[in-house]
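Chain letters run A, B, ... following the sequence lines, proteins first, then strands; residues in each count from 1.
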2 protein chains.
Amino acid sequence: MDIKEFAQKIGVSPTTISHAISGRGRVSDATRELVLQKMKEYGYTPNLNARRLVTGRSFLVALVHMDREFLAHIFTMELVRAFLAPLKARGYDLLLNVTAESTVEYSGLLERVDSRAVDGSIILGEAEIPGELLRELGRSYHPCVAISHYRVGSMPHVGSVVLGLRSGARQVAELLVKQGHTNIGFLGLDSADQMPRFFAEELQNLGIRLSDSNVMIEGHDAEDGAEGLRKMMSQPAPPTAVFARTDVLALGAIGEAKAMGIDVPGSLSVVGHDDLPLVSLMQPSLTTLRRDRMHIATSAVDMLFQLMEDPGAMVAERLIDSKLVLRQSAGPVK
Amino acid sequence: MDIKEFAQKIGVSPTTISHAISGRGRVSDATRELVLQKMKEYGYTPNLNARRLVTGRSFLVALVHMDREFLAHIFTMELVRAFLAPLKARGYDLLLNVTAESTVEYSGLLERVDSRAVDGSIILGEAEIPGELLRELGRSYHPCVAISHYRVGSMPHVGSVVLGLRSGARQVAELLVKQGHTNIGFLGLDSADQMPRFFAEELQNLGIRLSDSNVMIEGHDAEDGAEGLRKMMSQPAPPTAVFARTDVLALGAIGEAKAMGIDVPGSLSVVGHDDLPLVSLMQPSLTTLRRDRMHIATSAVDMLFQLMEDPGAMVAERLIDSKLVLRQSAGPVK
DNA sequence: TTGAAAGCGCTAACAT
DNA sequence: ATGTTAGCGCTTTCAA
């Protein structure tokens, strides 16, 4: 049943119905009551796609990601979850599966954007988000907010939430040094990651040198963490503390330490990064850097709606730092 | 730029453009080439909402859930992720944030459905999915697939993926009995859950009695698991093995056991349920029941598209069982 | 193989 | 306060 048919059935005009539903038009309370009442009775429900076509708004926000496996990271999953409530509070749904892998894919994205199929986008990038993509989006006057480790050059319609690494590096450095560690290791992900540099610099500031032989860049999996730790501990003067770039690496390292008969945190302190679910339940529970998912999500959503409401708005970049969560896996040097 | 303007610019009719893009119409190869070529050149991209209005298809599937906190379960997050690839393979996106909490919310859902804003729905229900909801959906000829622990009465346009509990209960019972345990406990979620009954029955079949005092229904959190285990082990004749309804309960229990000086699995075996990420990395690694997320997701999506392609199809219910993953936390009785 | 015209169901000026 | 009318941008008969 369309609005015309429904209008005839209940004896008012389509306009009145539209007004009654949106609440935006001038209708008498009595008429509005009647319309809403009859809607249920007849089971009429407006066609969203028609509305979207004519209003140019969809009440949809897309979550754009660079690769198809982005949800493999548990942290990202939790982030996705965190977007839901703030969006729902504004009457918005979240669109998933929008990848921006290549130029080919950009077009699919731009199609959805130019055609007003989504009102805004949140762009997730573990690595750097291609400037070309952001420029393309900006050019189509599409409000979007990028979330990544990197700063995004200021451009119109594009907000940015930066997940800072520097502060976390400092907090870990300070903790370990305070606990008396002087021989410290780092277990990393890949060569593009900035964390090892930051960590080395922060240790330097505290008078400790992160030697190259104590930096292991192995990969993403627990096995990589185990492998890295094994190498590190097989050196003549093995470190007494290790900062692992992710909790998964940290857990792999702890497992390997146990296998090698090294007590954590008795003989080796381990600090992770992410505060994934369950790491507080391990034995020992994991000391790690936590990023507040809700904070990230509400910041991004707030920013996005600012841009959506005022297309001219120049939104400031927002930096969000990690916070050290003290648990059992790191302790004073013996 | 709309199709009309674009048509004039490149000197063909809107019809031809539509045909060239969809590939459905009869157009010469040369013309199609031209159109696609010029699309990039001029940056024309069709309006999706207009297309959706006229075709009645949106290439969107909604993920419907009963409460707002559904993504709090890590298992559910992983399920969401698993839907993405099969949907993308068919050119579909996934719509998140569609709750069906109350009758009020049903209307929001039905609006999206009746208005063809989504082509189909996947309904997630940890508990039983309200029959009324499914009937409403079926009545609007809306293809949907329910995923839950419960069987859904057969009705048109509604498929069902049942996450069976019985088989898992049997596998755990068999494992523990084979390992020589005779005094066995259960750590449960809530009174609505069928698992304790199934587990008791399966133990019964093997000649073991699950005594009421060994069944603790405490809640969802690790603390609940710890609390339950403490009570259970404080009894005169504490069990030598415990089946926990979820991995989180199991981890809470293991933590508490350690705190009580009880070795796992030396003096107490613990089996969990879900195989959450990281539980394989704990010390000891967790023996648990695993449900194949990809299998569930592809089953549901396959079923959904069957219903979408052939509205008359009566889709068979599909049962998916858990599989025991043997790790370290459960072992032979000493 | 291509084009003209009608209409998808709604909203929003503009009357009344 | 309510109704009339003209599109929104596309697809799809139908005709050429």
Side-chain angles (χ1 to χ4, degrees), chain A residues 1-39 42-60 91 110-119 140-141, chain B residues 1-36 38-39 42-60 91 110-119 140:
Chain A
M1 178 164 44
D2 64 12
I3 199 173
K4 239 172 179 166
E5 186 184 340
F6 178 54
Q8 274 181 334
K9 280 194 176 161
I10 70 170
V12 298
S13 77
T15 309
T16 304
I17 293 173
S18 177
H19 284 168
I21 291 176
S22 70
R24 230 169 307 115
R26 311 120 307 173
V27 210
S28 74
D29 287 355
T31 317
R32 158 143 62 254
E33 285 305 313
L34 175 85
V35 171
L36 298 179
Q37 164 66 30
K38 294 286 182 187
M39 271 181 66
Y42 287 85
Y44 166 72
T45 152
N47 183 312
L48 271 186
N49 288 325
R51 177 184 290 171
R52 285 170 180 170
L53 171 59
V54 68
T55 61
R57 295 190 65 184
S58 61
F59 289 90
L60 251 35
L110 289 177
E111 183 174 314
R112 233 155 314 187
V113 160
D114 279 347
S115 57
R116 305 277 148 232
V118 302
D119 297 345
S140 359
Y141 301 95
Chain B
M1 177 164 42
D2 64 11
I3 198 173
K4 238 171 178 169
E5 187 185 340
F6 179 53
Q8 273 181 333
K9 280 192 176 161
I10 70 170
V12 299
S13 77
T15 311
T16 303
I17 292 174
S18 177
H19 284 167
I21 292 176
S22 69
R24 231 171 306 116
R26 311 119 306 173
V27 210
S28 74
D29 287 355
T31 316
R32 157 141 63 254
E33 285 306 312
L34 175 85
V35 170
L36 298 179
K38 294 286 182 187
M39 270 181 68
Y42 288 84
Y44 167 72
T45 152
N47 183 310
L48 271 186
N49 288 325
R51 177 185 288 169
R52 285 171 180 168
L53 171 59
V54 66
T55 61
R57 295 190 66 185
S58 61
F59 289 90
L60 251 35
L110 289 176
E111 182 174 312
R112 231 154 314 186
V113 160
D114 278 348
S115 57
R116 305 278 146 230
V118 302
D119 297 344
S140 355

Partner set under side chain to side chain contact (heavy atoms under 4.5 Å, CB included) for B:Thr55, not counting sequence neighbours
B:Arg51, B:Arg57

Contacts of A:Lys9 that satisfy salt bridge (Lys or Arg N to Asp or Glu O under 4.0 Å) - sequence neighbours left out:
A:Glu5

Side chains of A:Tyr44 and A:Ile3: closer than 4.5 Å at any heavy-atom pair?
yes

B:Ile21 and B:Met39, any side-chain heavy atoms less than 4.5 Å apart
yes

Span of DNA chain C engaged by chain B, first through last nucleotide within the 4.0 Å heavy-atom cut-off, is C:dT1 to C:dG9

Selection: residues 27-38 of chain A, any non-hydrogen atom under 4.0 Å of DNA chain D
A:Val27, A:Ser28, A:Thr31

Residues forming a side chain to side chain contact (heavy atoms under 4.5 Å, CB included) with A:Thr16, sequence neighbours excluded:
A:Val12, A:Ser13, A:Val27, A:Thr31

Using the criterion of both pairing distances under 3.5 Å for Watson-Crick and G-U wobble pairs, give all stems of 3 or more consecutive pairs involving DNA chain D.
C:1-16 with D:1-16

Does any non-hydrogen side-chain atom of B:Asn47 lie less than 4.5 Å from one of B:Asp2?
no

Side chain to side chain contact (heavy atoms under 4.5 Å, CB included) partners for B:Leu110, two or more places apart
B:Glu136, B:Leu137, B:Ser140

Ring pair (Phe, Tyr, Trp, His ring centres under 6.0 Å) involving A:Tyr141 - partner list, sequence neighbours excluded
A:His157

Would you check if the side chain of A:Ser58 reaches a backbone N or O of A:Arg52 as a donor-acceptor pair within less than 3.5 Å?
no

What is the per-nucleotide protein-contact pattern of nucleotides 8-16 of chain D, from the 5' end, where B denotes a base atom under 4.0 Å from a protein heavy atom, S denotes such proximity for sugar-phosphate atoms only, and - denotes neither?
BBSBB-B--

What residues, two or more places apart in sequence or in another chain, satisfy side chain to side chain donor-acceptor pair (under 3.5 Å) together with B:Asp114?
none

Applying salt bridge (Lys or Arg N to Asp or Glu O under 4.0 Å), name anything that partners B:Arg116, two or more places apart in sequence or on another chain.
none

For B:Arg32, the side chain to side chain donor-acceptor pair (under 3.5 Å) test, sequence neighbours excluded, returns none

